[in-house]
Every structure is written in C-alpha cells, then in structure tokens.
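First up is the structure itself, then whatever we jot down about it.
Labels below follow one simple rule: chain letters A, B, ... track the order of the sequence lines, proteins then strands, and each chain is numbered from 1. Not measured: the values here are computed from a predicted model.
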There are 2 protein chains.
Amino acid sequence: MDAALSSFHRPAIRSHDRLDSATATRSAKEQSFYVVIDAFSCDERMKLEDETTVKTTTKSLRIVEFVHEHNGAGITEIATQLELSKSTVYKHLRTLEQERYVYKGDGDVYYVGLRFLSLGVGARRRRRIYETAKPEIQRLAEESGEMANLLVEEHGRGIFLYRADSSRAVNLDTHAGREVYLHTTAMGKAILACLPERRVDEIIDRHGLPEMTEHTITDREVLFEDLETIADQGWAVDREERLKGLCCVATAITDPDDTPLGAISVSGPRSRLKDGKLVDELPELILNIKNVIELNVAYE
Amino acid sequence: MDAALSSFHRPAIRSHDRLDSATATRSAKEQSFYVVIDAFSCDERMKLEDETTVKTTTKSLRIVEFVHEHNGAGITEIATQLELSKSTVYKHLRTLEQERYVYKGDGDVYYVGLRFLSLGVGARRRRRIYETAKPEIQRLAEESGEMANLLVEEHGRGIFLYRADSSRAVNLDTHAGREVYLHTTAMGKAILACLPERRVDEIIDRHGLPEMTEHTITDREVLFEDLETIADQGWAVDREERLKGLCCVATAITDPDDTPLGAISVSGPRSRLKDGKLVDELPELILNIKNVIELNVAYE
DNA sequence: ACGCTCGATTCCATATTTCGAAACGAGATT
DNA sequence: AATCTCGTTTCGAAATATGGAATCGAGCGT
C-alpha cells in the first residue's frame, strides 16, 4: 500500500525529442515527473502527509491521472500498475463516473470526462490576463509570422493558457493546458526573473531542474545568472532548452507592482530564428506588445 | 452528514435571462441543478451509493465544485454551506492543493487550479470530432456571419467544445466547456434525435426537462414529436428555448453507422435570424458543412 | 455447444482512515 | 485590552475504504 504510492514517484524521463517529432503522447509522459523523495526526509514528510492529507482523495486523483496519461484504461490495468485491488479501483471509478469526471467508453475502458474542461476553462477565465492578452497574442503571431504563446505560473510550474499560430505554424505540443517546467522555457524564465530569489529557490527545491534537452539549464548558479540578465534586459531567450530545434523569445507581463501575471512569447524553429531575428527584431516587437497588455490589464 | 449530501440537490434555478444579460456567473448556478431525489427511492439509492461509492472522493469533488461555482471560497464558508466540519474541509483542500487541483490565493481563499485545464483539454482532444470539425466551424461562422458552435454529449448532457465568432459576434455564455441540457438547444436535440428512444428516456429520467425560458420544451411527448421532425428533416431549430433572444439551427455529425459524434450549429439574436434565414438559408449551409465533416471524420 | 480466459462486479470481515468537537493562534475590529 | 473571525491542530470514536475471494459475463477457439 505504501509501495503503491511510492510507485508514482518516477525518475525524470529525458526527452531529447526533436521539434518535428514532438507528439501529444509524449507530453503526457513528461508531466508524470516527480522529484524523488530521499529517505531522510521521509519521517517528517510522512507525518505531514498522514495527518493532514486525505489519502482516499489522493488515490482517486492518481487513478484519474493514470487514465489521463494512458488515454483511457481498464480496471485491471489500473489496479495492477497502481498496486491497488480491483475492487478499490472499481469503486473509485464508479464514483468518478457518477460525478461525471470519467466516463466509460465501449469495451470497459474508462476515459477522462469533459467535466474537467468545464472546471479548467473556468480556472483559466479567472486569470485576469487571459482575456486581455488573447487579442494581442494573435497580433503578435501575425506580425512575427511565428507562433505566439501565453503562459502563467501555478504551483511553481508553467501552464500554457493560449497559443496563436501564424500561417507558417509548426505542429507543436503546446496546447492550452500544457504544463512545463519554468526553467526550460523563455516564458518560464521571464517569470522566474520577476520573483524574489527565495521564491525561485522554493520552486527549484520542489520541482528540481530536470533536463529536457542537452541545452537545458540544470545548474542552479547558471540559472540565477541567466535570470539576472533577463531581469536587466527585460526579455528572455530559449535556444532549444525545452525542445530540440525550438527557439523562443519571451517577456513577463506584470502588475503595476511588478508581480508577474504571466508571460508571452514568440517561438519557432531554429532554422528561421537566427540571431538577427531572435535577439534584435523579436524582443522589440514583444516588448511593445507587453506594454499594451500591461496597460490594458492595469486599466481594465 | 446525510444532510450534508442532500444539500447538494438543489431545485432548478429558472433563468429567464435575456440574451444580452447572460453572464459567466449565472452559468455556474445553472450547472448546479440536480434532480431532487424523492423520499421513496431513498433506500434503494442509499444501498447503491453506499456500497459502491467512495464517499470521501465525492466529498472532495463537492468541495472543488463549490469553489468553482463561487469563484473562490474560504474554508469556513465551504464548511458552513456544505455542512461539514472545518477540519474536514481543511484536510480535503490541503490534499487537493498538494496535488495542484486547487491553489490558495492571497487571503486564505482557494481557487480551482489549472490542473483541470490540462486534463480537460486532453479529454477534448480525445474526441475525434474536435480537430476535424474546428476549421469547418470557423468557415461556418464566416459564411453565416453568425456564431458557430460544436457540442458533444456526455453523461446525457451537452458540452460545448468549440465556438467560432464572426465579426458580428454577440457576447455569449457558451465558452468551451460550458454544460447545457440537451433538450434546451438545437444541437442537443439534433443529437437526441439520433439516439434510440430508450436512451432518450434514460437521459430524461436522469436529468429531467428543466425550463430555461418560457419556450423550453418541458413535456416528454412534445419533445419526442420534435425529435421525430428533426430526424426526418436532418436539422433542428431552437427558438429561444435555452436563452431569451437567441435562436439556433443545428445538425448532428454522425459516424458512418449513425452514432452521433456531436453536433454543429449557427446561433444568433432573434432579430437577425428571421424565418427566411433560420429555416431556409442556414439549414442548407449547415448540412453542407455537416457532409464535409462527416467525410473527413470517416476517412481521417 | 462447450469449456476457457480475461475482465468486471459483488460480498464481507478487518482495520485503516476519516471526521467532528474543541482548543489554539494569528489578525483584524471595536 | 477584549472580542470576533478564520485557519490550523489534536485526538479518540465511529464510519467506511480496503483487498481477497467468489461470482458473473462476454468473447474466443475448439
């Protein structure tokens, strides 16, 4: 039973994917990364988790996540993988189905329900920046001729809220809802650069600095140096740090009091984003749009 | 404790909203409608729910839903409204927060987390029809000059997957993820018309025929007559049945074997959609698009 | 038609876990 | 300083989640 829970803490999956081979399936795998808990902190952690945590709920969520990551799953498969009894999994799924969080397709396979979409879209709408930034992101995509994105931070991770494609769009894994590590993207780093050092340390402690490509920053010192540069110049760049072949320029959108509300970016294949465009042309364009959005957010 | 659960079964909220006054907040209220359980079936139902249901999970979900419907809530508020103890709510929220399904904003207010967006978007992507229909829906919006929609059925309810606006867009409550009763919309009725009568009966038994406007069909016989007409002519119409001032024309998208995969519609203000357009021009346009989508789905 | 296999479902005794009352502590208000 | 409100913590009683075994049921091959 304890083994059941520990099985969720998988080692990082290094995805040295090329841009053109990025698929939706792979994104699910990436998301299942958790920092491995080392043996020493176990007592403390157990204390905390046992006393203040509802284990049954955790179990239900794990089941849903399993179904999600596998694009549908049957009871036996889930029970085996999660080291739970079939009857337990059965009851959890029945409950979730009754509440419309999962549904049973043909042939006894359970799928994640669209109820999650209702709540998720509500959560997105609640972010002030979303509606304000959307039209500007579209403009950004048009004027740059590349893909433009909006990302926000939650629980120390980045979540894509919106993406606008230009006509030259590349098929990419960054749908709305996609979760990424902040240190692996230009948008993430732009947000980190706005946060107090203490906060950044907390985030690194919680999520680590997993390596996605050979260019990913995996060293705390190096990251902090980069963040300083970003804070100075006002924009961040990502040269294939999350995905091989993909480059981005980004800047954070902040409150009047410098709290980051999210970040916007332009991203495209390395072949089209040479240095001239990447560090001259695009930063200027992005900073313009940043200003417009910040004004609109402030006086909405 | 039993009282706690029964408090979720609220009577229908009749929303005689006008088109122009429809807001996001109101949509949340609508969604909280549940069929009231009458006293006689209680034993049976308890038996079923008690034996095969994980009550703890249900409780967690109710808490999340409460937070969702109230656009954020504190522990005491939730505990009071849901008739649970503060410590219970506290522990559930802590668990959900740890798993990133909720997050705590400033001032001890909990909000629904964007984790729901990740899972929800995944659920949407899994519907074959979504990617296929999207570009066609956009075309439908352009060619009709009105709003065009894509809806699918799940658990006997309708869920909007996508909406495309024309330049003359009206500000409406139908974002992606929005849930509606099937019998109140043209798209819903178009889907119902494809289902075997037995299935339609089940759905009505589960969700009832709640009245949204004075034009809503609230009688089973009347509904079945309408469904027959729809099945014959291949398209459905909604004259202010869900929302005062809003009219729609819709048709179902089906598999080669007539299983409905979803429905598409054009909707706009009554003032612009007179009978000439509503029952002559638009049905033809929609049926064309339906054909294109069905071909693409079949040979994808 | 028959047995065979695999999965979902049901039943039940057991003990794990949840739950609520009450106490505590921090902030705000009077 | 007293009072109120709200989140957090503690702890034992009571509820209920759990896993294993038994049952059911569909699909397959002989």
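Of the candidates D/dT18, D/dA17, C/dG20, the closest approach to any side-chain atom of B/Thr56 belongs to D/dA17. For B/Val54, the listed nucleotide lying nearest its side chain is D/dA17; candidates were C/dA8, D/dA17, C/dT18. Set against C/dG7, D/dG19, D/dG7, the side chain of A/Ser85 has D/dG19 as its closest nucleotide. Minimum atom distance to the side chain of A/Lys91 is reached by C/dC12, of the listed D/dT8, C/dC12, C/dT17. Closest to the side chain of B/Thr76, out of C/dG20, C/dT18, D/dC6, is D/dC6.
Checked against the 6.0 Å centroid criterion, the rings of B/Tyr110 and B/Tyr103 do not qualify as a close aromatic pair.
If you take CG of A/Asp108 and P of C/dT5, they are 20 Å apart, rounded to a whole angstrom. As rounded to whole Å, 16 Å separates atom P of D/dT18 from atom CZ of A/Arg94. Atom pair B/His92:NE2 and D/dG7:C1' shows a separation of 16 Å (rounding to whole Å applied). Distance NZ (A/Lys59) to C1' (C/dT16): 9 Å, rounded to an integer number of Å. As rounded to whole Å, 8 Å separates atom C1' of D/dG7 from atom OH of B/Tyr110. If you take OH of A/Tyr90 and P of D/dG20, they are 19 Å apart, rounded to a whole angstrom. For A/Asp106 and D/dG27, the CG to P distance is 11 Å, given to the nearest whole Å. If you take CD of A/Glu83 and P of D/dG19, they are 11 Å apart, rounded to a whole angstrom.
For the residue pair A/Ile203 and A/Leu182, the shortest heavy atom distance occurs at CD1-CD1, 4.3 Å.
A close approach under 4.0 Å does not occur between any side-chain nitrogen or oxygen of A/Lys104 and OP1 or OP2 of C/dA8.
Using a 4.0 Å cut-off between charged side-chain N and carboxylate O, B/Glu153 and B/Arg199 make a salt bridge. Using a 4.0 Å cut-off between charged nitrogen and carboxylate oxygen, A/Asp201 and A/Arg206 do not count as a salt-bridge pair.
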What string of B, S and - do you get for nucleotides 22-30 of chain C, 5' to 3', if B is base contact, S is sugar-phosphate-only contact and - is no contact with any protein heavy atom under 4.0 Å?
---------
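Residues B/His92 and B/Thr56 have side chains in contact (heavy-atom distance under 4.5 Å, counting atoms from C-beta outward). Side chains of A/Pro260 and A/Leu195 form a contact here, defined as non-hydrogen atoms less than 4.5 Å apart.
The only option from B/Thr254, B/Thr132, B/Ile129 that meets the side-chain contact (heavy atoms from CB on, under 4.5 Å) definition with B/Leu261 turns out to be B/Ile129.
A cation-pi arrangement is present between A/Arg157 and A/Tyr181, with the terminal nitrogen or guanidinium carbon under 6.0 Å from the aromatic centre and inside a 45° cone about the axis.
In this structure, CG on B/Leu150 lies 9.5 Å from OH on B/Tyr162, to the nearest 0.5 angstrom.
Of the two residues contacting DNA chain C, namely A/Ile75 and A/Thr57, the nearest-nucleotide position lying further toward the 5' end is that of A/Ile75.
No hydrogens or angles considered: nothing links the side chains of B/Ser60 and B/Thr57 as a donor-acceptor pair under 3.5 Å.
Bending across the helix from C/dA1-D/dT30 to C/dT30-D/dA1, expressed as the angle between its end axes from five pairs apiece, amounts to 40° (10° rounding).
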